[in-house]
Amino acid sequence: MNSQRKPLAFAEFVSLLALMISMVAMATDIMLPALGIIGSDLQVTDPNHTQLIVSSLFVGLAVGQLFAGPLSDSIGRKPTIYIGYIIFIIGCVLSVSATSLELMLVGRILQGLGAAAPRVITTAIVRDSHEGRAMARIISITMAIFILVPAIAPSIGQGLIMLADWHVTFYFLMAMAFIGLVWFWLRQPETLAAENRHPFTITRIIIGIREICSYRTAVGYTLSAGFIYGVFVGYLSSARQVFQTTYQLGPLFALFFGMAALAIGSASVCNSRLVMRLGMRLLSRRALISLSVLSVA
């Protein structure tokens, strides 16, 4: 550790990281059951426009990830995460007070922008503090907890809107962010020593992007992952309409969505084991072929 403060115990450290890394999934999925109600209250005439409430979060997340890492390398892990949490809470305030879809989308973009910091920097904190098997163990446990969040988040959202209304989902996210911020501030020491920091410049970011783009394999996998992730975002955005409108599942939407999320999580766990036996290319190729066949079916 690069701090004089005593490191956190293993259980507390993993719990804190799991809370931080789960914020994106919770912010995405908790309001899926409420999208129709939000669209009605904001007088959205085209029901497809309510999907933007989901996809706009990923716009902010994509932009935030470009800057969160380099910024944390410059000013430290903790200040960057503080900034991220504050931006996220401001986005929640804008969304909960929104009287139009446009203001709601601005709030959602800010939520994604802010959530990028804890989502990205948690891995850096683990890397700063541990190495080898200890690092792999922490990341594995954290990701196992992260997998459960998409399965339970819609049910939490469904329960909240049944008890009150859609505004409560954003209050829940604000409370989650505030708890994470205070917990991180009070308990987690800074893991990046001052002598290991680098100046934050746009030039360094551009050089890094150019270096990545110079490797054809890296570019190919990045584009492939982008297309697959785009399909996943499309599924998240339209899931409520598919389950509730097309299949008339009503409140059971949360249950069926959770089952699908658990299937995705289980596949991630299986992938971590199979990739060591089959290799990345063979496994990716077979997965894409299977996905294409299933999509046509």
Side-chain angles (χ1 to χ4, degrees), residues 11 14-36 51 53-55 57-58 61 111-112 115 118-119 122-123 136-163 169 172-173 176 180 224-225 227-278 280 283-284 286-297:
V14 171
S15 299
L16 175 59
L17 295 185
L19 175 64
M20 294 168 60
I21 203 172
S22 299
M23 196 162 66
V24 173
M26 185 64 75
T28 303
D29 299 336
I30 194 174
M31 62 201 43
L32 292 179
L35 287 181
Q51 298 179 9
I53 297 174
V54 175
S55 57
L57 179 82
F58 290 96
L61 183 66
Q111 289 168 47
R119 177 66 181 85
T122 46
T123 305
R137 181 189 180 201
I138 292 172
I139 292 178
S140 297
I141 297 175
T142 302
M143 292 307 297
I145 298 173
F146 172 74
I147 288 170
L148 294 176
V149 174
I152 64 173
S155 297
I156 295 174
Q158 186 73 57
L160 290 174
I161 62 176
M162 289 176 66
L163 293 174
T169 58
F172 182 91
L173 292 175
M176 182 177 174
S224 299
F227 285 127
I228 294 298
Y229 200 69
V231 173
F232 181 63
V233 173
Y235 163 71
L236 289 177
S237 301
S238 58
R240 185 204 65 84
Q241 288 173 273
V242 171
F243 285 109
Q244 289 188 329
T245 303
T246 304
Y247 293 112
Q248 299 292 317
L249 291 178
L252 291 177
F253 158 70
L255 175 62
F256 280 82
F257 184 89
M259 293 168 60
L262 285 177
I264 295 172
S266 300
S268 299
V269 174
C270 292
N271 175 75
S272 65
R273 297 178 179 273
L274 292 175
V275 72
M276 299 303 296
R277 295 183 181 181
L278 303 178
M280 291 186 297
L283 191 61
S284 299
R286 289 183 178 180
L288 289 174
I289 293 173
S290 300
L291 180 62
S292 299
V293 172
L294 289 171
S295 296
V296 172

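The heavy-atom pair separating Val24 from Thr28 by the smallest distance is O-OG1, 2.8 Å. Looking at every heavy atom in both residues, Gly180 comes nearest to Leu16 through O-CD1, 4.3 Å. Minimum heavy-atom separation, Pro154 to Pro33: O-CG, 3.4 Å. The heavy-atom pair separating Ala25 from Val149 by the smallest distance is CB-CG1, 3.8 Å.
Atom CG of Leu255 and atom CG of Leu249 lie 9.0 Å apart (nearest 0.5 Å). Between the CE atom of Met20 and the OG atom of Ser15 there is a distance of 12.5 Å, given to the nearest 0.5 Å.
Under the rule for a side chain to side chain contact (heavy atoms under 4.5 Å, CB included), the partners of Ala239 that lie at least two apart in sequence or sit in another chain are Tyr235, Phe243, Phe253, Phe257. With sequence neighbours left out, Ser55 forms a side chain to side chain contact (heavy atoms under 4.5 Å, CB included) with Leu52, Val233, Ser237. The side chain to side chain donor-acceptor pair (under 3.5 Å) check on Gln241 picks up Asn48, Gln51, with sequence neighbours excluded. Every residue two or more places apart in sequence or in another chain was checked for a ring-ring contact (aromatic ring centres under 6.0 Å, His included) with Phe232, and none qualifies. Scored by the side chain to side chain contact (heavy atoms under 4.5 Å, CB included) test, Leu262 finds Leu148, Ala151 as partners (sequence neighbours excluded). In terms of the side chain to side chain contact (heavy atoms under 4.5 Å, CB included) criterion, residue partners of Leu160 (sequence neighbours excluded) are, by chain and number, Ile30, Ile156, Val168, Thr169, Phe172.
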Could you tabulate the donor-acceptor pairs under 3.5 Å formed by side-chain atoms of residues 287-294, not counting sequence neighbours?
from   : atom 1 : to     : atom 2 : distance (Å)
Ser290 : OG     : Arg286 : O      : 2.9
Ser292 : OG     : Leu288 : O      : 2.9

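The closest side-chain heavy-atom distance from Phe256 to Tyr247 is not below 4.5 Å. A heavy-atom distance below 4.5 Å is found between the side chains of Gln158 and Met162. Looking only at side-chain heavy atoms (C-beta outward), Thr245 and Arg240 come within less than 4.5 Å of each other.
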What's the verdict on side-chain contact (heavy atoms from CB on, under 4.5 Å) for Met31 and Ile161, showing C-alpha distance, side-chain angles and the deciding distance? CA-CA 9 Å; Met31 62 201 43; Ile161 62 176; over 6 Å; no

Would Leu61 and Leu57 count as a side-chain contact (heavy atoms from CB on, under 4.5 Å) here? Give the steps. CA-CA 6 Å; Leu61 183 66; Leu57 179 82; 5.6 Å; no

Is there a side-chain contact (heavy atoms from CB on, under 4.5 Å) between Asp29 and Met26 once you walk through the steps? CA-CA 5 Å; Asp29 299 336; Met26 185 64 75; over 6 Å; no

